[in-house]
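To find a chain, count down the sequence lines: A is the first, B the second, and so on, and within it residues start at 1. Only a predicted model underlies this, so the values are computations on that prediction, with no experimental measurement involved.
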Protein chains: 2
Amino acid sequence: MHNLTRKQQEILDFLLNNQACFPHPPTLEELCAAMGLKSRGSMHHQIKALIDAQLVEPPERKQRGIRLSQQAKDWAADPQSAGGLPFVGSIAAGRPIEAIENISYLAIPEQIKTDKPCYVLKVKGDSMCEEGILDGDWVVIEQRSHARNGEIVVALIDKAEATLKFIEQYPHETLLIPANSKMQALRYQPQQVEIQGVLVGQMRSYIHRTPNPGGFAPSADAGRPGD
Amino acid sequence: MHNLTRKQQEILDFLLNNQACFPHPPTLEELCAAMGLKSRGSMHHQIKALIDAQLVEPPERKQRGIRLSQQAKDWAADPQSAGGLPFVGSIAAGRPIEAIENISYLAIPEQIKTDKPCYVLKVKGDSMCEEGILDGDWVVIEQRSHARNGEIVVALIDKAEATLKFIEQYPHETLLIPANSKMQALRYQPQQVEIQGVLVGQMRSYIHRTPNPGGFAPSADAGRPGD
DNA sequence: CAAGATTAGAACAACAATAGAACAAAAAAA
DNA sequence: TTTTTTTGTTCTATTGTTGTTCTAATCTTG
């Protein structure tokens, strides 16, 4: 996350500190003037880096000036949560993602996330239990809109329901496959299924967990030698 | 671990104490000026040692200034237990814990650890797969020598083999119960089993994971309609 | 003294930052 | 509408900065 050069940091700090000074988002030229540069191209080079770092909104070929991303503003408001990933809500098969009100940030170890933008969801339900993803687990999702077959994705179905499943995409249908032998794979038209991210990490707390959850209670007599 | 020379310690202290003074991470030259050296090369010689000691981020030929590693910052915040947890090795059922040479420290989220001393192990084997603990997962273990029935523990058997299992302790025997229906519970005399810690957290990376691991591959024909 | 630590200084390669030109899309003006 | 201006984008060449390596000299410590 902190792979900014010193100049990029300087520009970012400038944008954060002088946010109020500009009535409208500044253009490249205005920024050049404000920071003493003579070439728009040079400034763009720096801004591009900030866009890649998700700190400035990508303008998508419109001309509306340089605007800081929400992430950058959050980061300024709460430097503590720097590097943390947003915990955006919980996902239960068959419902929209249940967003939480106060977005909090979790410090996620490098090992279970990627360089790209990620977010965290809490899992509800057992549709992936045979993959070791249980009710109450956190999952780290890399934000992207495409996936390879066999990956586990957050899929939005008919723009209404969100679910965490294995995905298999074929020309004329998309399969969403649970990891629970009691459940069936779901068939959809490709255009019904919108990928919202791909699973890159998972974690679980055993601190407030009931000893034997999830229907996988280890029955003591399973293989228990007779006396 | 800390085989630093005097000068190296001095520079490290300087970096720790003056962290706030530098708006951006200092360059070698700035550090020279701040500490009264005249040669970048000399400063680099010292910084190199700190990089080797994992106390300064390796810049990988980028130019983003001298930045302390997370480990160094944690160490400063709490010299006793350095924020991150020690990753001490891997545990496979039926073998001693396989210690690794260079103990590294992982930053573990608050949510999956406790206030008490913890350490991290990598899991090998599928003996707990039905509890959602798969081969290759990391587990966070709270260091203690007793457990309640139904907790998952790191148990040392006959002072030789280590294993991760559910525990059930009775006056005259101790059961170590896997979460894998293909495996059997193990019976021991209480004095044969030494508890080395209790599971408090777990995490998993899907980044370098083969799509369908662990014998729980989602068979695409489970519920898949015929074409 | 001898070994190791520290330093200055030069030289180098990789990277970063810049200006400037040219282009395309959007917005504004005619 | 058409024309003009603004704005973001891309590209190249140039310059400056930074980390790195090396050598030799100096300092410290047992």
Notebook entry, point to check: For the pair made of CG in B/Leu37 and P in D/dT26, what is the distance, rounded to whole Å?
Noted result: 17 Å

Notebook entry, point to check: Which nucleotide in the list D/dG8, C/dT18, D/dG19 gets nearest to the side chain of B/Leu28?
Noted result: D/dG19

Next item on the list: Starting at atom CD of A/Gln8, determine the distance to atom C1' of C/dA16, rounded to an integer number of angstrom.
Entry: 9 Å

Check: What does A/Gly41 touch in the nucleic acid at a heavy-atom separation under 4.0 angstrom: a base, only the sugar-phosphate, or nothing?
Finding: base

Next item on the list: Rounded to the nearest angstrom, tell me the gap between atom CE in B/Met35 and atom C1' in C/dT7.
Entry: 13 Å

Note to self: So, does A/His44 get its side chain near the phosphate of D/dG8, meaning an N or O under 4.0 Å from OP1 or OP2?
What the structure shows: no

Item checked: Distance-only donor-acceptor check, side chains B/Glu142 and B/Thr114, under 3.5 Å -> yes

Note to self: Any side-chain to backbone donor/acceptor pair from B/Ser69 onto B/Gln54? Under 3.5 Å, distance only.
What the structure shows: yes

Next item on the list: Provide, to the nearest angstrom, the distance between the CD1 atom belonging to A/Ile66 and the C1' atom belonging to D/dG8.
Entry: 8 Å

Check: Do B/Gln46 and B/Glu10 have a side chain donor and acceptor closer than 3.5 Å?
Finding: no

Margin query: For a quick test of reading the model: is some side-chain N or O of A/Lys7 closer than 4.0 Å to OP1 or OP2 of C/dT18?
Written below: yes

Next item on the list: Give a yes or no on whether a donor-acceptor pair under 3.5 Å exists between the nucleobase atoms of C/dA17, that is its base, and the side chain of A/Ser42.
Entry: no

Check: What is the distance from NZ of A/Lys48 to P of C/dA16, rounded to the nearest Å?
Finding: 14 Å

Notebook entry, point to check: Contact class for A/Ile47 vs. all strands (heavy atom < 4.0 Å): base, sugar-phosphate, or nothing?
Noted result: nothing

Notebook entry, point to check: With distance as the sole criterion, is a donor-acceptor pair present between the side chains of B/Thr163 and B/Lys165 under 3.5 Å?
Noted result: yes

Notebook entry, point to check: Pick the nucleotide of DNA chain D nearest each of A/Arg40 and A/Arg6; which residue has the one closer to the 5' end?
Noted result: A/Arg40

Check: B/Asp52 CG to C/dA5 C1': how many Å, rounded?
Finding: 16 Å

Notebook entry, point to check: Distance check: side-chain N/O of A/Gln46 vs OP1/OP2 of C/dA17, anything under 4.0 Å?
Noted result: yes

Checklist line | Gap between atoms CD and P, on B/Glu29 and D/dT20 respectively (whole Å) | finding: 14 Å

Check: At under 4.0 Å, does any side-chain N or O of A/Thr5 touch on OP1 or OP2 of C/dA17?
Finding: yes

Notebook entry, point to check: Does A/Met128 offer a backbone N or O that forms a donor-acceptor pair with the side chain of A/Glu131 under 3.5 Å?
Noted result: no

Check: In whole Å, what is the span from the CZ atom of B/Arg67 to the C1' atom of D/dG19?
Finding: 14 Å

